[in-house]
Amino acid sequence: MGQPGEDQPILVLQHIGCEPPAAYEDEILERGLALHRVELDRGEQVPDWRVCRAIVVMGGPMGAYDDALYPWLGPEKRLIAEAVRAGKPFWGVCLGAQLLAASLGASVAPGPAPEVGVLPVELTAAAAEDPVFAGAPPSFHAFHWHGDTYELPRGGVQLARSELYEQQAFVFARAYGLQFHLEVTPALVAGWGAVPAYAQSLERLPGGQSLPELLAQLADVEQSAVALARELFARWLMHVVGV
């Protein structure tokens, strides 16, 4: 990918094809920024993070603790730890947030129940002072589809919570972790139902929810959620990455 410079790309780490950066990627490309995508589940090699402008890590059906099942998880967490502690800007979503927490020494484990659907997220008082979240509404609806949660890493600042999971977003230095999805569309999430781990979590929901019901919920908030995704990510690009 060449040497660091004005043209250095934003490194995107994906763990499954159906979880790309979506609206975040749209923001990257519309700004004319370079993007280097690595699909870890396909065996693609992780590059040297030093030649990247920033790092974006997306979701996936695996757990942050599943090193024995996914041999690339250990190297990925080491990359995250080294890069974040060196001050590299980082944006992690769902599994990406859990990997950030794990890389910083915090525990990641299954939560009390799967958190699936369009549900409210509440910002903390600290979010009002954060350069990325300061402009966000104090409460908003976001899409969730996860069963794991994380502890707040030492030195991290909690930015958001939900009724079921206390940890929904945090910042550590120049690194942000978001447990929820603002970036997705119903068309994208429709493919998640074919992923066995996601289908199983859907079946475990009290009362049961069908995939069409989830997609209908998401369609109702898609416009506002994607707009907020673009706004937050744009603020991260401007105020943290510096582009």
Before we go on, tell me: are the rings of Y150 and F170 under 6.0 Å apart, centre to centre? yes
For the residue pair F143 and W145, does the interplanar ring angle fall in the parallel (under 30°), tilted (30 to 60°) or perpendicular (over 60°) class? perpendicular
Under 3.5 Å donor-acceptor, W91 side chain and G177 backbone: no
Backbone of A229 reached by a side-chain donor or acceptor of E183 within 3.5 Å: no
Side-chain donor-acceptor contact under 3.5 Å, T149 with Q179: no
Hey, does L182 have a side-chain heavy atom less than 4.5 Å from the side chain of F233? no
Please indicate whether E129 has more than 12 foreign heavy atoms, meaning atoms of other residues, nucleotides or ligands, lying under 6.0 Å from its CD. no
Under 4.0 Å between a Lys/Arg side-chain N and an Asp/Glu carboxylate O for E122 and R161? no
Path from V241 to M238 over hydrophobic side-chain contacts below 4.5 Å: no
Residues P61 and V195: closest non-hydrogen pair is CB-CG1, 3.8 Å
Decide yes or no for Y176 and D130: does some side-chain heavy atom of the first lie under 4.5 Å from some side-chain heavy atom of the second? yes
Closer than 3.5 angstrom, by distance alone: can the side chain of E213 be matched with the main-chain N or O of S210 as a donor-acceptor pair? yes
Donor-acceptor pair, side chain of K77 and main chain of Y65, under 3.5 angstrom: no
Note: R37-E25 ion pair, threshold 4.0 Å (strictly below): yes
If you group Ile, Leu, Val, Met, Phe, Trp and Tyr whenever their side-chain heavy atoms sit less than 4.5 Å apart, what else falls in with L164? Y165
Measure across G63 and D148 and return the closest heavy-atom pair with its distance rounded to 0.1 Å. CA-OD2, 3.8 Å
Does either side chain, that of S107 or that of E151, offer a donor lying less than 3.5 Å from an acceptor on the other one? yes
Would you check, one step at a time, whether the test side-chain contact (heavy atoms from CB on, under 4.5 Å) holds for C52 with I10? CA-CA 6 Å; C52 302; I10 292 177; over 6 Å; no
List the steps, then state whether side-chain contact (heavy atoms from CB on, under 4.5 Å) holds for L33 with L237. CA-CA 10 Å; L33 301 173; L237 289 171; 4.2 Å; yes
Using the rule that Ile, Leu, Val, Met, Phe, Trp and Tyr join whenever any side-chain heavy atoms are under 4.5 Å apart, tell me whether I16 and L211 fall into a single cluster. yes
For P137, side-chain contact (heavy atoms from CB on, under 4.5 Å) partners two or more places apart: F140, L228
All heavy atoms of H181 vs all of V184, minimum pair found to be CB-CG2, 4.0 Å
Going by heavy atoms in the side chains, are S162 and E115 under 4.5 Å from each other? yes
Under a single-linkage definition using a 4.5 Å side-chain heavy-atom cutoff for Ile, Leu, Val, Met, Phe, Trp and Tyr, are V93 and L35 assigned to the same hydrophobic cluster? yes
Rounding to 0.5 Å, atoms CG (L13) and CG (L99) come to a distance of 9.0 Å
Would you say that V118 contacts D220 through its side chain, given a criterion of any heavy-atom pair below 4.5 Å between the two side chains? no
Please determine whether residues F90 and L73 belong to a single hydrophobic cluster, defined as Ile, Leu, Val, Met, Phe, Trp and Tyr linked transitively by side-chain heavy-atom distances below 4.5 Å. yes
Is there a side-chain contact between I55 and L79, using heavy atoms and a 4.5 Å cut-off? yes
Euclidean distance, Q45 CD relative to L40 CG, rounded to 0.5 Å: 9.0 Å
Among residues at least two apart in sequence or on other chains, which ones pass salt bridge (Lys or Arg N to Asp or Glu O under 4.0 Å) with K88? none
Going hydrophobic residue to hydrophobic residue with side-chain gaps under 4.5 angstrom, can you get from L95 over to W49? yes
Closer than 4.0 angstrom, basic N to acidic O: yes or no for E231 and R235? no
Are L11 and P47 close enough that some pair of their side-chain heavy atoms sits under 4.5 Å apart? yes
When you measure from the side chain of E19 to the backbone N and O of M58, does any donor-acceptor pair fall under 3.5 Å? no
Using modelled atom types and a 3.5 Å cut-off, is there a donor and acceptor pairing between side-chain atoms of R174 and backbone atoms of G87? yes
Exercise: do Q168 and Q158 side chains pair donor with acceptor under 3.5 Å: no
Can you check side-chain contact (heavy atoms from CB on, under 4.5 Å) on E39 and D41, steps first, answer last? CA-CA 6 Å; E39 298 192 46; D41 60 313; 4.0 Å; yes
Provide the closest heavy-atom pair for A23 versus V226 in the form atom of the first, atom of the second, distance. CB-CG1, 3.9 Å
Distance, nearest 0.5 Å, that separates CG of D26 from CZ of R31: 12.5 Å
Looking only at heavy atoms, which two atoms of H146 and C94 are closest? And how far apart? CB-SG, 3.8 Å
Could you check V12 against H36 for side-chain contact (heavy atoms from CB on, under 4.5 Å), going step by step and ending with a plain yes or no? CA-CA 6 Å; V12 172; H36 180 80; over 6 Å; no
Nearest non-hydrogen partners of C18 and W192, listed with the distance: O-NE1, 2.8 Å
Within the 4.5 Å heavy-atom criterion, are W236 and P89 side-chain neighbours or not? yes
Heavy atoms, side chains only, cut-off 4.5 Å: are P186 and E222 in contact? yes
Side-chain donor-acceptor pair present, E76, H15, cut-off under 3.5 Å: yes
Would you say the side-chain atoms of D66 pair up with the backbone N or O of L69, donor to acceptor, closer than 3.5 Å? no
Side chain Y198, main chain G60, donor-acceptor under 3.5 Å: yes
